Visitor: 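Before I ask anything, here is the structure I am working with.
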Amino acid sequence: MKVRTRVAPSPTGDPHVGTAYVALINYCFAKHHGGDFLLRIEDTDQARSTRESERAILDSLHWLGLSWDEGPDVGGPHGPYRQSERSAIYKRYVQQLLDQGDAFKCFCTPERLEEMRVAQRAAGLPPRYDGLCLSYSPEEIARREAAGEAYVVRMKVPDHGACIVEDERRGKIEFEWKTVDMQVLMKSDGLPTYHLANVVDDHLMEITHVMRGEEWISSAPKHVLLYQYFGWQMPKLIHLPLLRNPDKSKLSKRKNPTGILFYQAMGYLPEALLNFLGLLSNSLPEGQDEMMLLPDMVQRFSLEHIPLGGPVFDVAKLDWLNGRYIRERLDPDQFMQRVAAWGFAPDRLKRIASLSQTRVERLSDLGLLLSFFFAGRLPVAAEQLRAGKMSDLEVRQALALAMWDLDALRAWNVAGIEMVLKRVSELLGKKFRDVARPFYVAITGSPTSVPLFDAMDLLGRDMVRERLRTALDALGAPSKKEQDEWKKLLAATDKEDEAS
RNA sequence: GGCGCCAUCGUCUAUCGGUUAGGACAGCCGCCUUUCACGUGGCAAAGACGGGUUCGAUUCCCGUUGGCGCUACCA
């Protein structure tokens, strides 16, 4: 049987290096065995999924040099490859489960479920649906449905016995059924949850090996059970370790840059980044050169060499590798072209130039004025950040508030950025002009520069987050207590927004 | 709290019962060099702990500890 793997990102934010890591492993495994690698978009979360995010994810993976045999952009015989376009399919299978008696409608309110879980936790029990709606008669269910009560569909899960999950890398993993929750398969909006969609799609798309992050191990029993209910052959499961921050916690943008776009903006070469991820995804035999292109990685790939412990994303090693690519794999012409493509693409240059035109008297003023567009993290002078009309506390608050709000921003553009910063100044009860100053310093390195919102837009969300973080750290990162207090400020106005 | 995964230098890792526990990044010290960088030579650095199994455990088993994940009508 032909090996078929997939990567199934959820388009709910900026492209993440973890997605690239999982994609690379799936790609290498499939290609090593002469198989197919597909890309599927898991956009069943209507509230958070966006087309912009999807576009950015595909672009980023392509930028890294990854390609797929089937996917939303290239099509294929098992489409559509976007789950939001497969609703009819899931409905059919949910109905099958309902008809077979393997799933049931649940009318419980979120409040009741919440109470139930609180009680279970207090009693030291595993959180698990208590089966109230399972006791309803068909008439009762029909009555509620007719009355227009919202419901979800849950899968039935046995009360006794255990489930053995077979992981190709870790061996057998045992779960007692009583610790497995009766997962929601279909939400009240009629869309499936990950659990159902993923099983149905993997089967229909003839996926042979599911290689996904280890955060899925605990829900694997549900998937095993669904395959049983449907009578389908289970694909092989391989759970991949999660990339870590230097402090060993799961890699998160709160602590570290996680965006592929950040590494792009920092001037890492795609082949170096991919090579680096390859080093973390498959340990190579002793003495082998660690510099390798995608075809080498495919050729050398083996399941047994996928690490189990979560590797720290060690930027220092990435730096070394990237340096090697720059000086060993590029001749002067190629280097020049890379530099041009990185920071001097015509439309980027055009925008940058237009921002500066009224602010220079000689062209030679440009270098210092615009250098921050061609830099990574800026060395921030704490005195500069403090020099305005705001107190230290206010500056720190402003930076922290902006970071949080900027992360929550749907689309990264001038209007959104302006909205966030204006809101921060209102929250603090300060003139925008005074609030703006530390941002100029943090983002452009100087209190006077080209228009801030455009600069931030051009720099990108990841780079902005890093510079704000650098600035905030220079003044003292907020304590846990301060964070909680400051977040209340945001929450309070969020409620007002909803009310109005 | 419950359930699960993981555990070799600071970091990424090799070792598939017997090794002076190897390599790479970072660090430190030299060499090269008009500075720096590159390159190059070297140094330092690890089997979490406690029990077993075995002639012999880093390696196999159990426990402890620690890290991590999941615990949603998110994925």
Side-chain angles (χ1 to χ4, degrees), chain A residues 8-13 16 18-19 41-49 83 106-110 113-114 117-129 150-154 162-163 165 167 169-171 173-181 183-198 212-222 239-252 276-291 304-305 307-324 326-328:
Chain A
S10 180
T12 53
H16 196 280
T19 304
I41 294 295
E42 308 234 330
D43 57 351
T44 55
D45 183 347
Q46 275 187 307
R48 295 194 303 150
S49 299
Q83 291 185 330
C106 173
F107 299 88
C108 293
T109 61
L113 295 171
E114 180 57 25
R117 291 187 189 112
V118 169
Q120 285 166 336
R121 177 186 270 258
L125 295 167
R128 190 178 200 257
Y129 182 66
Y151 68 87
V152 300
V153 176
R154 287 178 187 277
C163 172
V165 172
D167 182 289
R169 195 64 185 79
R170 299 166 200 254
I173 305 173
E174 188 174 326
F175 294 85
E176 295 217 44
W177 281 123
K178 63 171 187 266
T179 67
V180 178
D181 200 0
Q183 254 300 323
V184 170
L185 297 178
M186 184 171 278
K187 300 175 269 186
S188 55
D189 65 3
L191 290 182
T193 57
Y194 169 86
H195 308 282
L196 194 260
N198 142 271
R212 63 199 341 176
E214 72 178 324
E215 73 260 40
W216 294 110
I217 292 180
S218 20
S219 37
K222 296 163 193 168
H239 289 96
L240 278 12
L242 264 16
L243 263 18
R244 309 283 184 90
N245 296 310
D247 69 1
K248 299 281 193 179
S249 57
K250 172 175 160 179
L251 194 64
S252 65
F276 175 65
L277 291 174
L279 254 23
L280 301 184
S281 56
N282 224 231
S283 61
L284 56 167
E286 176 162 343
Q288 297 247 17
D289 190 359
E290 293 181 301
M291 184 156 68
E304 308 81 74
H305 287 108
L308 257 26
V312 169
F313 192 93
D314 180 15
V315 186
K317 186 135 188 181
L318 207 210
D319 287 340
W320 165 77
L321 245 194
N322 200 57
R324 279 193 67 185
I326 287 175
R327 65 187 105 87
E328 294 177 28

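Since the structure is predicted, the reported quantities are computational estimates derived from the model, not experimental observations. All heavy atoms count here, side chains included; hydrogens, waters and symmetry mates do not.
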Visitor: How far does the P atom of B/G1 sit from the matching atom of B/U15, given to the nearest Å?
Guide: 36 Å
Visitor: Rounded to the nearest angstrom, tell me the gap between atom NE2 in A/His16 and atom P in B/A75.
Guide: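 After rounding, the gap between these two atoms is 17 Å.
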Visitor: Specify the separation, in whole Å, of atom CG of A/Leu242 and atom P of B/C6.
Guide: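 Answer to the nearest Å: 13 Å.
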Visitor: Could you work out the separation of B/G47 and B/A57 based on their C1' atoms and round it to a whole Å?
Guide: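 Comparing C1' positions in B/G47 and B/A57 gives a spacing of 11 Å.
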Visitor: Assign each of A/Gln120 and A/Thr109 to its nearest nucleotide of RNA chain B by heavy atoms, then name whichever residue's nucleotide is nearer the 5' end.
Guide: A/Gln120
Visitor: State the pairing partner of B/U8; accept Watson-Crick or G-U wobble contacts with both distances under 3.5 Å, and report none otherwise.
Guide: none
Visitor: From CD1 of A/Ile217 over to P of B/G2, roughly how many Å is that when rounded to an integer?
Guide: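 The distance from CD1 of A/Ile217 to P of B/G2 comes to 20 Å, rounded to the nearest Å.
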Visitor: Given that A/Arg121 and A/Trp216 both sit by RNA chain B, which one's nearest nucleotide is further toward the 5' end?
Guide: A/Arg121
Visitor: Using a cutoff of under 3.5 Å, can you pull out all pairs of nitrogen or oxygen atoms linking the protein to nucleotides 11-15 of chain B, with atom names and distances?
Guide:
{"residue": "B/C12", "atom": "OP1", "partner": "A/Val312", "partner atom": "N", "Å": "3.0"}
{"residue": "B/A14", "atom": "OP1", "partner": "A/Ser283", "partner atom": "OG", "Å": "3.0"}

Visitor: Looking at B/C73, I'd like to know if its phosphate oxygens (OP1 or OP2) sit under 4.0 Å from a side-chain N or O belonging to A/Arg154.
Guide: yes
Visitor: What is the separation between atom CZ on A/Arg169 and atom P on B/C6, rounded to the nearest whole Å?
Guide: 9 Å
Visitor: Quote, to the nearest angstrom, the P distance that separates B/C29 from B/C12.
Guide: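 Comparing P positions in B/C29 and B/C12 gives a spacing of 25 Å.
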Visitor: Parallel, tilted or perpendicular: which fits the ring planes of A/Tyr194 and A/Trp216, with parallel below 30° and perpendicular above 60°?
Guide: parallel
Visitor: Send over the distance from A/Asp247 CG to B/G10 P, rounded to a whole Å.
Guide: 17 Å
Visitor: Give none if B/U59 has no partner; otherwise give the nucleotide forming a Watson-Crick or G-U wobble pair with it, both distances under 3.5 Å.
Guide: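 Pairing partner: none.
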Visitor: Polar-atom pairs under 3.5 Å, protein N or O versus N or O of nucleotides 39-41 of chain B: list them with distances, or write none.
Guide:
{"residue": "B/G39", "atom": "OP1", "partner": "A/Arg327", "partner atom": "NH1", "Å": "3.3"}

Visitor: Look at the side-chain N and O atoms of A/Lys187 and state whether any lies under 4.0 Å from the OP1 or OP2 oxygen of B/C74.
Guide: yes
Visitor: May I ask you to verify if any side-chain N or O of A/Arg244 is less than 4.0 angstrom from the OP1 or OP2 atom of B/G67?
Guide: no
Visitor: Rounding to a whole Å, what distance do you find between A/Leu196:CG and B/C73:P?
Guide: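 Going from CG in A/Leu196 over to P in B/C73 covers 14 Å.
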Visitor: Name the pairing partner of B/U34, where a pair is Watson-Crick or G-U wobble with both distances under 3.5 Å, or state none.
Guide: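 Answer to the pairing question: none, since B/U34 forms no Watson-Crick or G-U pair.
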